[in-house]
Amino acid sequence: MARIDAILWDIDGTLLTGKGIGREATRRSMEQVFGTSTGIDTHHFGGKTDYKTLALLLEPAGYDESAVGEKMPAFAQAMAANMRALTATYDVVALPGAMNTLNALLRRENLLHGLVTGNVAPAAPVKLQAAGYDPAVFTFGAFGDESVHREDLPPAAITRASELAGRSIAPEHVLIIGDTLMDITAARASGVKVCAVATGYNTRDELAAAEPDYLINDMAEFNGVVQID
């Protein structure tokens with residue numbers, strides 16, 4: 001049984017599926033802020049931060065990471081607005097077992113819940129709410145507009161969790177739940193535990209090869225596999 005003080009949740013492929021809403025919101029936001037969305041149709045989002053996605057797609061247009069960063073606040077706000085508008089036409093749904101598992105974990109005392117997601121901060125609550133979640137239960141986090149590198153996000157989130165708790169939270173007492181190989185890589189780089197769930201970007205076999213601490217088919221299996229002290 002593992003002592004866990006904080007859980008860091010991924011969003012897409014872990015808590016919910018957006019059925020393409022993220023790609024379309026990114027397309028519209030890129031065109032509004034950067035004047036181009038070239039490459040968006042074939043881009044693989046899985047595990048990347050939105051900052052990384054923009055850096056890759058906009059490099060041929062002459063944008064380096066610094067130039068992308070200068071416009072990131074405007075892009076983040078555009079993403080939230082476009083995501084909000086698109087929820088009327090896209091079916092954003094919670095993944096199997098995710099809502100019930102989250103609600104059960106929320107009943108545990110002294111367990112903090114935060115987000116570590118590739119989504120930009122203003123768009124994350126819009127997407128969560130569209131799938132039926134209360135964004136307010138995630139009391140801290142680190143987001144896709146903060147860094148090109150996914151592995152930068154867990155340390156930032158742990159620092160914020162510690163500030164919220166009023167005490168230092170050790171990485172070994174933190175659990176990431178995510179659906180991609182990048183979630184596992186980021187967890188390993190940060191010294192935190194990781195539960196991989198095969199409801200998103202990478203297959204179960206791909207996730208298993210990366211040797212996460214825990215591996216489940218969907219969130220309905222979580223409580224039977226991950227024993228939290």
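Quick caveat, the model's predicted, so the values are computed rather than measured. Heavy-atom basis, side chains included; hydrogens, waters and symmetry copies ignored.
The backbone N or O of Glu172 lies less than 3.5 Å from a partner atom in the side chain of Lys193, making a donor-acceptor pair. With hydrogens and angles disregarded, no donor-acceptor distance shorter than 3.5 Å links the side chain of Thr101 to the backbone of Ala98. Between the Thr49 side chain and the Val148 main chain, a donor and an acceptor come within less than 3.5 Å of each other. Put simply, the side chain of Glu146 gets close to the backbone of Phe143: a donor and an acceptor are under 3.5 Å apart. Ser29 places no side-chain N or O within 3.5 Å of a backbone atom of Thr26 that could act as its donor or acceptor partner. Lys48 places a side-chain N or O within 3.5 Å of a backbone atom of His44 that can act as its donor or acceptor partner. Using modelled atom types, one side-chain atom of Arg108 and one backbone atom of Ile228 make a donor-acceptor pair closer than 3.5 Å. Side-chain N or O atoms of Arg23 include one that pairs as donor or acceptor with a backbone N or O of His43 at under 3.5 Å. For the pair Arg3 (side chain) and His173 (backbone), a donor-acceptor distance under 3.5 Å is absent. Remark: side-chain polar atoms of Asp145 are paired, donor with acceptor, to backbone N or O of Ala121 under 3.5 angstrom.
Between atom CZ of residue Arg167 and atom CG of residue Leu164 there is a gap of 10.0 Å, rounded to the nearest 0.5 Å. The distance from atom CG of Asn202 to atom CG of Leu181, rounded to the nearest 0.5 Å, is 3.5 Å. The distance from atom CD of Glu65 to atom CG of Leu56, rounded to the nearest 0.5 Å, is 8.5 Å. Note that NZ of Lys71 is 3.5 Å distant from OH of Tyr63, once rounded to the nearest 0.5 Å. Between the OG1 atom in Thr185 and the CZ atom in Arg150 there is a gap of 10.5 Å [rounded to 0.5 Å]. Rounding to the nearest 0.5 Å gives a distance of 12.5 Å between CD1 of Ile158 and CD of Glu163.
The nearest pair of heavy atoms linking Ile216 to Cys195 is CD1-SG, 3.8 Å. Taking every heavy atom of both residues into account, Asn119 and Asp50 meet most closely at CA-OD2, 3.8 Å. Residues Gly20 and Tyr90 come closest through the heavy atom pair C-CE2, 3.5 Å. Summarising the geometry of Pro125 relative to Pro135, their closest heavy-atom pair is O-CG, 3.5 Å, with the distance given to 0.1 Å. Contact record, Ser190 with Pro155: OG-CD, 3.5 Å, taken as the closest heavy-atom pair. Contact detail for Ser37 and Met30: the closest heavy-atom pair is CA-CE, 3.9 Å.
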Task: Audit row: Tyr51, Val120, side-chain contact (heavy atoms from CB on, under 4.5 Å) steps and yes/no - done: CA-CA 8 Å; Tyr51 198 153; Val120 296; over 6 Å; no
TODO: Run the numbers on Lys19 and Val92 for side-chain contact (heavy atoms from CB on, under 4.5 Å), then give the verdict.
DONE: CA-CA 6 Å; Lys19 307 291 184 66; Val92 184; over 6 Å; no
TODO: Take His113 and Leu106, measure what side-chain contact (heavy atoms from CB on, under 4.5 Å) needs, and give me the verdict at the end.
DONE: CA-CA 8 Å; His113 293 270; Leu106 287 169; 3.5 Å; yes
Open item on the list: Could you go through Arg27 and Asp41, starting from their C-alpha distance and side-chain angles, then the distance that decides it, and tell me whether this counts as side-chain contact (heavy atoms from CB on, under 4.5 Å)?
Closed with: CA-CA 9 Å; Arg27 180 201 313 280; Asp41 289 331; 2.9 Å; yes
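Grouping the Ile, Leu, Val, Met, Phe, Trp and Tyr side chains by contacts below 4.5 angstrom, directly or via other members, places Met72 with Leu58. Both Leu15 and Leu105 belong to a single network of hydrophobic side chains, linked directly or stepwise wherever heavy atoms of I, L, V, M, F, W or Y lie under 4.5 Å apart. Leu115 and Met79 end up in the same hydrophobic cluster when Ile, Leu, Val, Met, Phe, Trp and Tyr side chains are linked at under 4.5 Å. Val226 and Leu215 end up in different hydrophobic clusters when Ile, Leu, Val, Met, Phe, Trp and Tyr side chains are linked at under 4.5 Å. Trp9 and Leu95 fall into different hydrophobic clusters, where Ile, Leu, Val, Met, Phe, Trp and Tyr residues are linked whenever their side-chain heavy atoms come under 4.5 Å apart, directly or through other members.
Counting heavy-atom neighbours within 6.0 Å of Glu211 CD, excluding the residue itself, gives a total of 12 or less. Counting heavy-atom neighbours within 6.0 Å of Gln129 CD, excluding the residue itself, gives a total of 12 or less. Crowding of Glu206 atom CD: a count of heavy atoms from other residues, nucleotides or ligands under 6.0 Å exceeding 12.
Inspection of the Asp183 and Thr180 side chains reveals an N or O donor paired with an N or O acceptor under 3.5 Å.
Val116 is not listed as a side-chain neighbour of Asp10, based on a closest heavy-atom distance of 4.5 Å or more. With contacts defined as side-chain heavy-atom distances shorter than 4.5 Å, the pair Phe45/Thr53 qualifies.
Asp179 pairs with exactly one of Asp12, Val197, Ile11 by the side-chain contact (heavy atoms from CB on, under 4.5 Å) rule, that one being Val197. Partner of Val192 under the side-chain contact (heavy atoms from CB on, under 4.5 Å) criterion, out of Asp213, Leu8, Ile176: Ile176 alone.
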